[in-house]
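Only heavy atoms go into these numbers, but all of them, side chains included; no hydrogens, no water, no symmetry mates. Treat the numbers as computed from the prediction; the structure is a model and nothing was measured.
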Amino acid sequence: SYGETDSKIIDSYISIARAYYDQNQAGNGDSYYTKAIQLIQKKYGTYHPEIAEPFRKLIGVYRVEQDAYFLQKLYRHILNLESKLLPRFHPNQSVILNKIADLYLANKDYAQAYETLRQSLYIQRKHKNRFPKDYVETNSKMAELYILKRQYRTAIPLLKDALETQIAL
């Protein structure tokens, strides 16, 4: 018998949510996604890295080459839902913002990518010591964006900070 917080139970909630989201029935999927987040919080705590797993598993079947508009809408929806479930500026919000930024970068919408990465980096700076790898990823993406814009003076300090953080790991 499985306990309520068993990973197979949690995966089932995520699978049901994904099936609803695939059909553009977010209202039906939200309760299952919410339950998965709540069970992970119960099992591991609010700031455990496992809290990002429902989102990762949910989006794992999608690719940027698919419907980018659908993905962006889904990511924003999940971000809004999680903002109600998790504390303000929770690091998982940064994970989602990075995925949204990836969509903007793939579509060469650098202004939107910049704004999204800026929000993500703000969150990651609050959790730099707790989740340094996420901080490095966000910092590096922001630096890459500055390099694309040929703003090297801004990019280099970000890259150096990411490098120093990686070395400290």
Looking at every non-hydrogen atom in both residues, tell me the closest pair between [X] and [Y] and how far apart they are.
| X | Y | result |
| --- | --- | --- |
| Ala17 | Gly29 | CB-O, 3.5 Å |
| Pro54 | Ile14 | CA-CD1, 3.4 Å |
| Ile123 | Ser94 | CG2-CB, 4.0 Å |
| Gln93 | Arg88 | OE1-C, 4.4 Å |

Hey, what do you get for [atom1] ([X]) to [atom2] ([Y]), rounding to the nearest 0.5 Å?
| X | Y | atom1 | atom2 | answer |
| --- | --- | --- | --- | --- |
| Ile96 | Lys99 | CD1 | NZ | 11.0 Å |
| Ile156 | Ile147 | CD1 | CD1 | 7.5 Å |
| Leu97 | Tyr75 | CG | OH | 12.0 Å |
| Thr154 | Lys149 | OG1 | NZ | 9.0 Å |
| Ile100 | Glu115 | CD1 | CD | 12.0 Å |
| Leu148 | Lys108 | CG | NZ | 9.0 Å |

Got Tyr146 and Arg153 here, is their nearest side-chain heavy-atom distance under 4.5 Å?
no
Taking C-beta and beyond as the side chain, do Ile167 and Glu164 meet within less than 4.5 Å on heavy atoms?
no
[X]-[Y] co-clustered via ILVMFWY side chain contacts under 4.5 Å:
| X | Y | result |
| --- | --- | --- |
| Tyr44 | Val95 | yes |
| Tyr20 | Ile10 | yes |
| Leu159 | Leu105 | no |
| Leu121 | Leu103 | no |
| Ile16 | Ile9 | yes |

Quick one about Asp109 and Gln112 (side-chain donor to acceptor, distance below 3.5 Å, no hydrogens or angles considered), yes or no?
no
Using the salt bridge (charged side-chain N to carboxylate O under 4.0 Å, His left out) criterion, which residues pair with Arg76? Sequence neighbours excluded.
none
Go through the structure and list residues passing side-chain hydrogen bond (donor to acceptor under 3.5 Å, both in side chains) with Lys42, not counting sequence neighbours.
Glu4
Can you check whether Asn80's main-chain N or O pairs, donor with acceptor, with Ser83's side chain at less than 3.5 Å?
yes
Flag, side chain of Ser120 to backbone of Thr116, donor-acceptor distance under 3.5 Å
no
In terms of the angle between their ring planes, are Tyr13 and Tyr32 parallel, tilted or perpendicular, with boundaries placed at 30° and 60°?
tilted
Specify whether His127 and His90 have parallel, tilted or perpendicular ring planes, treating 30° as the upper limit for parallel and 60° as the lower limit for perpendicular.
tilted
Pair Tyr114 + Tyr104: ring centers closer than 6.0 Å:
no
So which of His77, Lys84, Gln25, Lys35 actually passes side-chain hydrogen bond (donor to acceptor under 3.5 Å, both in side chains) with Asp30?
His77
Show which side-chain atoms of residues 135-145 pair as donor or acceptor with protein atoms under 3.5 Å away, not counting sequence neighbours.
unit_1 : atom_1 : unit_2 : atom_2 : d
Tyr135 : OH     : Asp161 : OD2    : 2.2
Glu137 : OE2    : Lys141 : NZ     : 3.4
Thr138 : OG1    : Asn98  : ND2    : 3.0
Thr138 : OG1    : Asp134 : O      : 3.0
Asn139 : ND2    : Leu158 : O      : 3.3
Asn139 : ND2    : Asp161 : OD2    : 3.1
Ser140 : OG     : Val136 : O      : 2.8
Lys141 : NZ     : Asp102 : OD1    : 2.7
Lys141 : NZ     : Asp102 : OD2    : 3.0

